[in-house]
Amino acid sequence: PRPASLGYDIGADEAPGPSLRAQKRVGRRAYNPGETVTYTVVITNVGDAAAHNVLFTDTLPIHQIPLAGQSTAGSCTVSDAWGGDIICSIGDIPAHTKVSITLTARMTTTLPGTLPLRMQNEATVRGSDTLGLDFQEYCYMHDCHVLINGVSPEYTYLQQAIDIAADGDTLWIAGTC
């Protein structure tokens, strides 16, 4: 029989095997220049056998530089270039087990020509005995600065300030929100 999860099936017998799934989330959708972005990735082996030699690669957009990568299994290396990679050598993932990865990156302080700027992040997870998965997540760079009555704290989302402001307060807005 052919291994499970390797393509379309017309009802033939299948041998159980590893099958990877991945989810990626960004901490929030919009960031100001210079802020730190946090991505969370969860890789799950939903198959009936261990996935071997699992490798996760995340390529950041050109306006982000990787700062750190941490995994609950294996280890991660981080490049020091804008638009660089974070690569995690996870090793084996037993059946029905999850591995979590936390990635951090910094937004550039140089404003691009047009804001908000959509930045798409590309990631891949592969095992020596599984199909590879390619997936994306995105966030935006904006330049939003909001004060209530001209005093700190500064908010990076207009809605944050609106939710906190009281009747009669004045919102001071600068940048692209």
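Since the model is a prediction, treat every value here as computed from it, not as a measurement.
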(request) Quick one: list whatever passes salt bridge (charged side-chain N to carboxylate O under 4.0 Å, His left out) with R118, sequence neighbours left out. (result)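 None.
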(message) Hydrophobic cluster membership, with links at side-chain heavy-atom distances under 4.5 Å among I/L/V/M/F/W/Y: are Y140 and V26 in one?
(response)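 No, no single cluster joins them.
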(message) Taking F135 as the starting point, is it possible to reach I87 by hopping between hydrophobic residues whose side chains are less than 4.5 Å apart?
(response) no
Would you say that [X] contacts [Y] through its side chain, given a criterion of any heavy-atom pair below 4.5 Å between the two side chains?
{"X": "T108", "Y": "Q64", "answer": "no"}
{"X": "R29", "Y": "Y138", "answer": "yes"}
{"X": "M119", "Y": "Y31", "answer": "no"}
{"X": "L67", "Y": "V78", "answer": "no"}
{"X": "I101", "Y": "I90", "answer": "yes"}
{"X": "M107", "Y": "V37", "answer": "yes"}

(message) Nearest 0.5 Å, please: how far is CZ in F56 from CG in D85?
(response) 10.0 Å
(request) Output yes when a side-chain donor or acceptor of N149 lies under 3.5 Å from a complementary backbone atom of T170, and no otherwise. (result) yes
(request) For the pair S128 (side chain) and H52 (backbone), establish whether a donor and an acceptor sit closer than 3.5 Å, ignoring hydrogens and angles. (result)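 Side chain of S128 to backbone of H52: a pair is present.
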List the residues meeting side-chain hydrogen bond (donor to acceptor under 3.5 Å, both in side chains) with [X], not counting sequence neighbours, and say none if there are none.
{"X": "Y155", "result": "none"}
{"X": "E35", "result": "R28"}
{"X": "T44", "result": "none"}
{"X": "D80", "result": "none"}

N/O donor to acceptor pairs below 3.5 angstrom from side-chain atoms of residues 160-167, sequence neighbours left out:
unit_1	atom_1	unit_2	atom_2	d
Q160	OE1	T156	N	3.3
Q160	OE1	Y157	N	3.1
D163	OD1	Q159	NE2	2.7

(message) Could you check whether atom CD of Q70 has more than 12 heavy atoms from other residues, nucleotides or ligands sitting under 6.0 Å from it?
(response) no
